[in-house]
Amino acid sequence: MGKANRNTKPKILLVESNDLLRNVFRDVFEKFGYYIVAVDTAKAGSQILGDDCHDIVISDFDLKDTTGEEFFESLKSVCSDKTTVLMVDYGDIDNISEAKKHGIHYIIEKPFLIRELLQIVGEAFQNRMIA
């Protein structure tokens with residue numbers, strides 16, 4: 001996918017195993033005008049991205065079928081220009097340092113306010129437009 005159009009919202013893929021969180025995040029992002037696809041496994045996320053690269057991919061670290069870090073690593077060959085956001089548990093230093101080694105763009109620690117995630121997505125989108 002090329003540079004984002006300034007008049008459009010980014011396409012977001014959310015991979016979150018927790019049904020409640022996945023639904024809340026999807027509802028909030030839709031309310032703010034984002035196009036979002038929300039799935040519960042890395043396998044489903046990979047299938048979505050195989051058909052259509054999204055601008056921003058948000059994943060929890062703890063997924064049903066793998067880790068968010070491994071999920072992002074597997075996507076490098078599919079959609080190398082996507083922006084990645086990894087959600088990790090508070091204080092999980094090992095996962096944070098490993099994620100940074102793999103080039104994940106943004107890391108947000110749980111618990112967080114939804115506005116913090118919206119801010120990261122907005123910043124990521126602005127950075128994509130400038131690049």
Side-chain angles (χ1 to χ4, degrees):
M1 183 171 198
K3 291 182 185 173
N5 181 321
R6 290 185 186 276
N7 297 321
T8 62
K9 291 285 185 177
K11 292 168 69 173
I12 299 170
L13 172 66
L14 170 69
V15 183
E16 169 60 67
S17 298
N18 181 296
D19 294 337
L20 178 61
L21 287 176
R22 188 175 59 254
N23 291 332
V24 167
F25 291 155
R26 183 184 54 234
D27 291 348
V28 168
F29 278 101
E30 286 176 348
K31 179 182 174 187
F32 280 86
Y34 291 95
Y35 173 81
I36 184 167
V37 174
V39 297
D40 64 344
T41 64
K43 181 178 180 182
S46 295
Q47 289 172 338
I48 297 286
L49 290 173
D51 294 335
D52 182 20
C53 279
H54 287 56
D55 299 301
I56 298 172
V57 180
I58 303 169
S59 177
D60 190 21
F61 184 85
D62 295 315
L63 299 172
K64 291 178 183 177
D65 53 351
T66 190
T67 66
E69 176 187 49
E70 290 170 350
F71 169 59
F72 285 142
E73 187 66 29
S74 72
L75 296 180
K76 285 184 178 178
S77 62
V78 179
C79 298
S80 60
D81 68 338
K82 74 205 160 316
T83 300
T84 51
V85 180
L86 183 65
M87 300 179 289
V88 299
D89 291 330
Y90 176 77
D92 198 344
I93 302 300
D94 292 337
N95 290 339
I96 292 171
S97 33
E98 280 301 309
K100 288 180 180 179
K101 288 181 195 174
H102 291 282
I104 292 170
H105 298 100
Y106 298 89
I107 299 168
I108 186 167
E109 287 184 277
K110 294 179 180 177
F112 55 82
L113 299 174
I114 192 71
R115 73 173 176 249
E116 294 172 308
L117 186 56
L118 285 164
Q119 183 178 355
I120 286 172
V121 168
E123 179 183 319
F125 184 52
Q126 289 299 320
N127 288 341
R128 287 182 66 80
M129 289 190 323
I130 294 169

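All figures in this text were calculated on a predicted structure; none of them were measured in a lab. Atoms considered below: every heavy atom in the structure, side chains included; atoms not considered: hydrogens, waters and symmetry mates.
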Original post:
To the nearest 0.5 Å, what is the distance between CD1 (Ile12) and CZ (Phe125)?
Top reply: 9.5 Å

Original post:
With a 4.5 Å limit on heavy-atom distance, are the side chains of Leu14 and Phe29 in contact?
Top reply: no

Original post:
Atom CG of Asp62 and atom OG1 of Thr67: how far apart are they, to the nearest 0.5 Å?
Top reply: 8.5 Å

Original post:
Between Tyr34 and Ile56, is any pair of side-chain heavy atoms under 4.5 Å apart?
Top reply: no

**OP:** Considering non-hydrogen atoms only, spot the tightest contact between Ile104 and Phe72 and give its length.
**Re:** CD1-CD1, 3.5 Å

Original post:
Salt bridge or not for Lys110 and Asp60, using N-O below 4.0 Å?
Top reply: yes

Original post:
Got Val85 and His105 here, is their nearest side-chain heavy-atom distance under 4.5 Å?
Top reply: no

**OP:** Locate the shortest heavy-atom distance separating Leu13 from Gly45; write the atom from each residue and the value.
**Re:** CD2-O, 3.6 Å

**OP:** Drop me the distance from Ile108's CD1 to Met87's CE, to the nearest 0.5 angstrom.
**Re:** 8.5 Å

Original post:
Does Thr41 use its side chain to pair, donor to acceptor, with the backbone of Asp65 at less than 3.5 Å?
Top reply: no

Original post:
Of all heavy-atom pairs between Gly68 and Ser59, which one has the smallest distance, and what is that distance?
Top reply: CA-OG, 3.7 Å

**OP:** Assign the ring pair His54 / Tyr35 to parallel, tilted or perpendicular, where the plane angle (0 to 90°) is split at 30° and 60°.
**Re:** parallel

Original post:
In Å, rounded to the nearest 0.5 Å, how long is the span from CD of Glu116 to CD of Glu109?
Top reply: 10.5 Å

Original post:
Where do Phe112 and Ile120 land on the side chain to side chain contact (heavy atoms under 4.5 Å, CB included) test, with the steps shown first?
Top reply: CA-CA 12 Å; Phe112 55 82; Ile120 286 172; over 6 Å; no

Subject >> Verdict with supporting geometry, Thr84 and Leu86, side chain to side chain contact (heavy atoms under 4.5 Å, CB included) >> reply: CA-CA 7 Å; Thr84 51; Leu86 183 65; over 6 Å; no

Original post:
What is the minimum heavy-atom distance between Ala44 and Val39, and which atoms define it?
Top reply: CB-CB, 3.8 Å

Original post:
Atom CZ in Phe61, atom CD in Glu70: separation rounded to 0.5 Å?
Top reply: 7.5 Å

Original post:
Is there a side chain to side chain contact (heavy atoms under 4.5 Å, CB included) between Thr83 and Asn127 once you walk through the steps?
Top reply: CA-CA 9 Å; Thr83 300; Asn127 288 341; over 6 Å; no

Original post:
For the hydrophobic clusters of this structure (ILVMFWY residues joined by side-chain heavy atoms under 4.5 Å, transitively), does one cluster hold both Leu20 and Leu113?
Top reply: no

Subject >> Atom pair CZ/CD1 of Arg22 and Ile58 - distance to nearest 0.5 Å >> reply: 13.5 Å

